[in-house]
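Right, one structure below, let's go through it.
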Amino acid sequence: MKTDRWAYENLEVYVWEGKQEIADRITRFLAPLGVEVIRAGALEAPPAEPRLKPAIAVISVSVIGNAKFTALDWEAAHGMPVVWVAAPGREGDPGRFPPEYAHILSADFSGADLRGQIGKLLPQLLAASEPETEVADLVAESPAMRQLLEQVDTFADFPSNVMLYGETGAGKERIARLFHERNRSYGKGPFVAVNCGAIPDGLFESQFFGHAKGAFTGAMYAHQGYFEQANGGTLFLDEIGDLPMFQQVKLLRVLEEKAVTRLGSTLPVRLDFRLVAATNKDLREAVGQGRFRADLYFRLSVIELRVPSLEERGPGDKVLLLQSFLRQMMGRAEHDALPPAPDWLRGAVGTAYFNGNVRELRNLAERVGIVLRQCRAWDEGRIRPLFRSLRPGAFEGNERAADWRGDAEERRRIIAALDANGWRRQDTAACLGISRKVLWEKMRKFQIADNEAEPA
Ligand SMILES: Nc1ncnc2c1ncn2[C@@H]1O[C@H](COP(=O)(O)OP(=O)(O)OP(=O)(O)O)[C@@H](O)[C@H]1O
């Protein structure tokens, strides 16, 4: 269970306020608690990347302009609660602010006033930052997913680094969380997810290493980097293949030394966390082409697992996922009150091709959920058209779908040959007309477990 202290130390507060003095006061009151205060400009557009940490915005009512932008619009677009700053004496004026402006501060607020408002929002932030009911909702009925979960169970309780491969949106972060949750020691600590593709060069060090107070202009307070934030828990490095070479060197050094020194400090901090990295690229190929350091690759890839795409998982998992997302969206009671999903719907989901994997399927579920809530029935006339934007699974012109189907087919062929040859690699390779080494590489690529195979 996360604590208020954890929440403050991991909180980002975006300040959109025209008056410098007010913005400075917010920083002065919050930064000593470990809060990262970010001075934001106009924030009308929702951020392109999802935020990695819980966040609150503090916004001056005057910069928004009540007429065109309501508090609800803002909160929905950004997914973070807002504390509004109003001119002194106006904050309690019910005629002026509709009820959704629930958290209003008078512009002459004290530190206690500000912390009081934020304190009211902490329980909601803490709840949101807990992993969703990951394990309970994890849909993994297909043989490919069951095999993956078995592998997670085998390795979860060890500290070894893990590398997850898989298409975008296949569920790599979800599996990383599972590794975290199933580890008896690190699972009790934080799970810190970082998208390595989204870190500007100039910010890598301060974001990963943190900085001491006064380390550079503007570093008014000490800041914990991702390594320290993940201490005692799991650090999930997504899109690791996008890490530029010079950042790779720095990451490797920290992993080797198991310590980090904040910028502007001389005191190393000992590190002890579980590292799970993920990529949708072929890292071995990147190593071969000199785009990824071999030493870092070997350090990260102690345990290598592949998260199957939805195509490989097959129609059964697609249907179950759709139902699970619908239950989440509509609420279990409302969903279960519906008659069972009709065959035409199962057929449509099962054969659709989801380019964006589980994430795209969830978007479809959201659209279906909206219709279901309106008509409370599986209305074919209204629901079937929602599938039009999706390509059928057998769509000829889609190369990626064809690749995936090709992989799944090859995997099936290899398993059949292994079965037919009693899992003896030499005989299987001969039967397939490939070398034993190539067979081994393919078994590794397709995550074919060879528990019963002869010793190598
Ligand atoms: N087996 C599953 N059961 C239920 N939900 C899942 C499953 N796998 C993934 N999801 C959901 O699908 C969405 C995408 O998953 P996730 O973020 O883990 O994918 P990813 O492979 O890490 O994506 P990216 O490559 O973009 O980083 C998330 O909302 C996740 O909760």
Side-chain angles (χ1 to χ4, degrees), residues 47-53 79 128-153 156 162-182 191-199 226 234-243 275-283 286 300 304-330 332 335 349-350 352-369 390 400 404 447:
E49 289 292 327
R51 279 185 329 280
L52 300 169
K53 293 182 182 178
S129 71
E130 293 289 339
E132 312 147 26
T133 47
E134 301 288 339
V135 183
D137 287 334
L138 190 79
V139 172
E141 291 299 317
S142 57
M145 277 303 279
R146 278 170 183 264
Q147 192 187 35
L148 176 65
L149 293 201
E150 269 171 35
Q151 290 169 317
V152 173
D153 272 342
V162 178
M163 174 65 79
L164 299 175
Y165 289 93
E167 292 291 333
T168 297
K172 299 185 291 299
E173 179 166 348
R174 185 74 181 226
I175 295 299
R177 279 188 186 276
L178 204 60
F179 265 107
H180 173 67
E181 289 157 15
R182 295 195 177 173
F191 177 88
V192 176
V194 181
N195 182 344
C196 298
I199 300 180
Y226 295 134
T234 302
L235 179 62
F236 173 58
L237 298 180
D238 201 3
E239 318 279 8
I240 190 87
D242 293 345
L243 209 60
L275 184 75
V276 181
T279 181
N280 56 12
K281 307 222 157 69
D282 183 340
L283 273 197
L300 296 173
E304 284 186 316
L305 298 179
R306 192 164 150 275
V307 179
S309 68
L310 257 184
E311 281 296 293
E312 290 166 76
R313 294 173 62 176
D317 266 13
K318 289 182 190 172
V319 174
L320 289 173
L321 273 165
L322 179 85
Q323 289 189 316
S324 157
F325 289 139
L326 284 174
R327 258 195 303 275
Q328 273 173 28
M329 272 157 216
M330 305 176 69
R332 183 172 288 275
H335 176 268
V349 186
Y353 165 61
F354 295 91
N355 195 20
N357 271 299
V358 184
R359 201 170 279 133
E360 191 180 13
L361 196 155
R362 200 178 53 184
N363 291 346
L364 170 78
E366 204 163 322
R367 297 195 288 274
V368 174
L390 300 167
R400 280 173 74 199
W404 288 341
Q447 298 279 320

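Counting starts at 1 for both ligands and their atoms, in listed order.
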Among Glu239, Arg359, Glu360, side-chain contact (heavy atoms from CB on, under 4.5 Å) partner for Thr168: Arg359
So do the side chains of Met163 and Ile240 get within less than 4.5 Å of each other, counting heavy atoms only? yes
Can you sort out which atoms of ligand 1 are near Gly169, meaning under 4.0 Å from one of its heavy atoms? 19 (O), 20 (P), 21 (O), 23 (O), 24 (P), 25 (O), 26 (O)
Should you measure from each heavy atom of Phe325, which atoms of ligand 1 turn up under 4.0 Å away? 5 (N)
Taking 4.0 angstrom as the limit, do Lys318 and Glu141 come out as a salt bridge? no
Less than 3.5 Å between some nitrogen or oxygen of Lys172 and one of ligand 1, yes or no? yes
Within the 4.0 Å heavy-atom cut-off, what Arg313 brings close to ligand 1 is side chain
Can you tell me which portion of Leu321 lies within the under-4.0 Å heavy-atom range of ligand 1? Options are side chain, backbone, both, or neither. side chain
In this structure, does ligand 1 have an atom that sits under 4.0 Å from one of the heavy atoms of [X]?
{"X": "Gly166", "answer": "no"}
{"X": "Asp238", "answer": "yes"}
{"X": "Glu141", "answer": "no"}
{"X": "Ala140", "answer": "no"}

Could you report the tightest heavy-atom contact between Ala277 and Phe236, atom names first, then the distance? C-CE1, 4.4 Å
Please report the C-alpha distance between Arg313 and Val139 in whole Å, then the side-chain angles of each, then the deciding distance to 0.1 Å, and finally whether the side-chain contact (heavy atoms from CB on, under 4.5 Å) criterion is met. CA-CA 10 Å; Arg313 294 173 62 176; Val139 172; 4.3 Å; yes
Could you go through Phe354 and Leu321, starting from their C-alpha distance and side-chain angles, then the distance that decides it, and tell me whether this counts as side-chain contact (heavy atoms from CB on, under 4.5 Å)? CA-CA 12 Å; Phe354 295 91; Leu321 273 165; over 6 Å; no
